[in-house]
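Treat the numbers as computed from the prediction; the structure is a model and nothing was measured. Atoms within each ligand, like the ligands themselves, are counted from 1 in listed order.
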Amino acid sequence: MVRGRISRLSVRDVRFPTSLGGHGSDAMHTDPDYSAAYVVIETDAEDGLKGCGITFTLGKGTEVVVCAVNALAHHVLNKDLKDIVGDFRGFYRQLANDGQLRWIGPEKGVVHLATAAILNAVWDLWAKQEGKPVWKLLVDMDPRTLVSCIDFRYITDVLTEEDALEILQKGQVGKKEREEQMLAQGYPAYTTSCAWLGYSDDMLKQLCTQALKDGWTRFKVKVGADLQDDERRCRLIRDVIGPEKTLMMDANQRWDVPEAVEWMSKLAKFKPLWIEEPTSPDDILGHATISKALVPLGIGVATGEQCHNRVIFKQLLQAKALQFLQIDSCRLGSVNENLSVLLMAKKFEIPVCPHAGGVGLCELVQHLILFDYISVSASLKNRMLATQQK
Ligand SMILES: C[C@H](O)[C@@H](O)CC(=O)C(=O)O
Ligand SMILES: [Mg+2]
């Protein structure tokens with residue numbers, strides 16, 4: 001039973017000096033300090049429960065997101081939680097479409113990151129009040145209530161409310177078994193953290209060796225800055241992990257479209273499953289061109305961590321521009337907008353492999369992908385979750 005009026009919202013700028021060790025580095029983000037704008041909401045209910053939500057940042061600029069959270073706070077303060085979640089679509093719209101702030105969005109950039117942090121906190125509070133993790137809250141929710149959390153504006157040409165309902169109703173079949181399976185076995189995952197671009201060859205070798213020993217079977221390597229370095233590093237990784245294990249490559253938007261095709265044709269010999277973010281995240285047709293050229297080489301295109309809203313995902317799907325769709329729990333407008341993307345992916349039969357790795361992302365995205373498997377996709381084929389090895 002949801003309860004309480006939101007009486008306080010606080011937001012903190014939390015930063016970790018990861019750039020000192022080259023952790024998280026790639027061909028475009030060479031010195032990230034993994035950071036977050038960390039939102040806490042409190043209510044006047046006597047249970048003392050707090051909702052915690054974040055959005056992921058790379059250090060500088062976190063203060064700008066904090067400022068945007070404060071600018072949006074009045075939409076949340078003094079609202080009854082029951083009214084927020086009782087009309088979650090309306091509340092999402094209100095927050096994502098503040099009549100003045102949307103001018104510096106809309107549904108993208110800093111304002112949308114701030115929206116995600118606040119909504120993540122609302123979902124956390126709702127789940128805590130129900131005594132469940134967010135994934136279980138979603139899995140137990142009836143399809144009509146789930147659909148009522150989604151803003152279908154701009155996507156009804158590919159996904160209507162009726163389509164969404166139908167997908168979710170079909171997903172009810174076998175749900176209990178899939179939930180039991182997940183609780184017993186967990187969800188397949190790959191490690192993102194043994195091959196950051198700033199790591200030395202020795203470090204790469206050592207981390208891949210250890211990951212292999214620890215049982216990892218899927219690995220991701222950063223590429224895109226220098227072809228000779230990429231060839232050497234990919235060879236080194238393949239030497240350690242062998243030809244059978246899965247290898248993914250991530251260029252973090254470094255290339256132009258023809259350059260991406262040419263570069264990946266050279267790296268094809270290392271048998272990557274996908275090339276992630278080969279070019280600008282806004283270039284939908286560019287991704288389609290790259291996909292068309294690389295699919296015959298056995299390489300898929302993956303993207304999503306910087307796709308700023310459901311509209312971009314809609315067009316990537318319409319244009320057949322990706323083979324792996326990477327939702328992000330803090331880039332999109334929290335669970336609400338991610339639900340719409342999971343359902344569109346299901347409609348187009350494109351596997352979802354969420355982006356994670358930064359502060360809190362691995363933890364957040366588990367909830368979305370468990371819900372996806374149990375209630376939407378019902379498939380593990382070509383699907384895996386990004387995570388960081390300990
Ligand atoms: C800057 C981030 O670490 C980025 O490189 C993460 C990323 O692309 C990924 O995990 O994928
Ligand atoms: Mg990436």
Cut-off 3.5 Å, side chains only: do W274 and D250 have a donor facing an acceptor? no
Do the side-chain N and O atoms of E277 and Q306 include a donor-acceptor pair separated by under 3.5 angstrom? no
Which atom name would you report as the N, O or S atom of E276 nearest the Mg ion (ligand 2)? OE2
May I ask you to check if any N/O/S atom from D26 comes under 2.8 Å of the Mg ion (ligand 2)? no
Any side-chain donor-acceptor pair under 3.5 Å between E337 and H112? yes
Carboxylate-amine/guanidinium proximity below 4.0 Å for K79 and D83: no
Which atom of E305 is nearest the Mg ion (ligand 2), counting N, O or S only? It is OE1
Cluster link L212 to L273, ILVMFWY, side chain under 4.5 Å: no
Could you tell me whether R232 and D201 make a salt bridge, using a distance below 4.0 angstrom between a side-chain N and a carboxylate O? yes
So, R178 side chain and G171 main chain: donor-acceptor pair closer than 3.5 Å or not? yes
Mind checking whether the Mg ion (ligand 2) has an N, O or S of E277 under 2.8 Å? no
Mind checking what residues have non-hydrogen atoms under 4.0 angstrom from ligand 1? G24, D26, H29, Y34, L58, W196, K220, K222, D250, N252, E276, E305, H355, A356
Does the side chain of D214 come under 3.5 Å of the side chain of Q210 through a donor N or O and an acceptor N or O? yes
Name of the D250 N, O or S atom nearest the Mg ion (ligand 2)? OD2
